[in-house]
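Have a look at the structure below before the remarks.
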Amino acid sequence: MRRSLLLVPVADERLWSVRMGGVRWICGFTDETALARFALHHGPGDQPMHYAALLGARIVDEIVPALGEPGGLAVDIATEDGSMFFPPVVGIVPEAVAVDAGEGGER
């Protein structure tokens with residue numbers, strides 16, 4: 001995921017995200033086909049959906065920490081049996097913003 005180029009929809013000059021389960025999920029797509037499936041249900045009608053091409057590492061290392069709330073990365077959410085979720089936990093996002101940072105036990 002970190003080295004993958006992901007297509008992230010942009011609306012009102014902001015990356016598309018959804019809040020679910022107390023986490024803000026940045027939505028990324030592995031290719032234009034996966035993005036098009038999403039755009040059919042969430043796009044601006046007959047207008048093209050704008051998107052940014054970002055490395056997964058940039059999303060989890062820079063964008064998620066800047067959210068100011070627990071955030072993760074949801075990939076290909078419109079793809080049946082192909083969705084992947086990278087939650088805000090140590091090993092995925094920086095420890096400073098991981099929801100499980102400082103919990104008992106060793107990592």
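Each residue takes its place number in the sequence, starting with 1.
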Checklist entry - Would L55 and R2 count as a side-chain contact (heavy atoms from CB on, under 4.5 Å) if you check the C-alpha gap in whole Å, the side-chain angles of each, and the deciding distance to 0.1 Å? => result CA-CA 6 Å; L55 286 175; R2 297 185 63 76; over 6 Å; no

Next on the checklist: What's the separation between atom CG in L35 and atom CH2 in W16, rounded to the nearest 0.5 Å?
Outcome noted: 10.5 Å

Checklist entry - Under a 4.5 Å cut-off applied to non-hydrogen side-chain atoms, are M1 and F86 in contact? => result yes

Checklist entry - So how far is it from E95 CD to D100 CG, rounded to the nearest 0.5 Å? => result 8.5 Å

Item to check | Verify same cluster id: M20, F29 (apolar side-chain graph, 4.5 Å) | outcome: yes

Checklist entry - For the side chain of D31 and the backbone of T33, is there at least one donor-acceptor N/O pair under 3.5 Å apart? => result yes

Next on the checklist: I'd like to check F85 versus I77 (side-chain heavy atoms, cut-off strictly below 4.5 Å). Are they in contact?
Outcome noted: yes

Checklist entry - Is there side-chain contact between L54 and L5, with at least one heavy-atom pair below 4.5 Å? => result no

Next on the checklist: To the closest 0.5 Å, what do you measure between NE2 (H50) and CG (L7)?
Outcome noted: 14.0 Å

Next on the checklist: Go through it in stages, so that I can follow the logic: the residues are I63 and I26, the test is side-chain contact (heavy atoms from CB on, under 4.5 Å), and I'd like the CA-CA distance, side-chain angles, deciding distance and then a yes or no.
Outcome noted: CA-CA 9 Å; I63 295 168; I26 302 293; 4.2 Å; yes

Item to check | Neighbour count above 12 (heavy atom, 6.0 Å) for E69 CD | outcome: yes

Checklist entry - Does I92 share a hydrophobic cluster with V99, counting links as ILVMFWY side-chain heavy atoms below 4.5 Å and allowing steps through other members? => result yes

Item to check | Minimum side-chain heavy-atom gap P87-V23 below 4.5 Å | outcome: no

Checklist entry - What is the distance from atom OG of S17 to atom CG of L73, rounded to the nearest 0.5 Å? => result 11.5 Å

Item to check | ILVMFWY cluster, W25 and V90 together (side-chain gap under 4.5 Å) | outcome: no

Next on the checklist: For a 4.5 angstrom cut-off between non-hydrogen side-chain atoms, does F38 reach M49?
Outcome noted: yes

Checklist outcome for this item: For P88 and G71, the nearest pair of non-hydrogen atoms, with its separation, is CB-O, 3.0 Å

Item to check | Pair D76, T30: side-chain N/O donor-acceptor within cut-off below 3.5 Å | outcome: yes

Checklist entry - Shortest non-hydrogen contact from C27 to V18? => result SG-CG2, 4.2 Å

Item to check | Test log, rule side-chain contact (heavy atoms from CB on, under 4.5 Å), inputs E32 and Y51 | outcome: CA-CA 10 Å; E32 289 181 342; Y51 62 89; 2.7 Å; yes

Next on the checklist: Please tell me whether I59 and V10 are part of a single hydrophobic cluster in this structure, the criterion being side-chain heavy atoms less than 4.5 Å apart.
Outcome noted: yes

Checklist entry - Ignoring hydrogens and geometry, is there a side-chain-to-backbone donor-acceptor pair from D61 to V93 under 3.5 Å? => result no

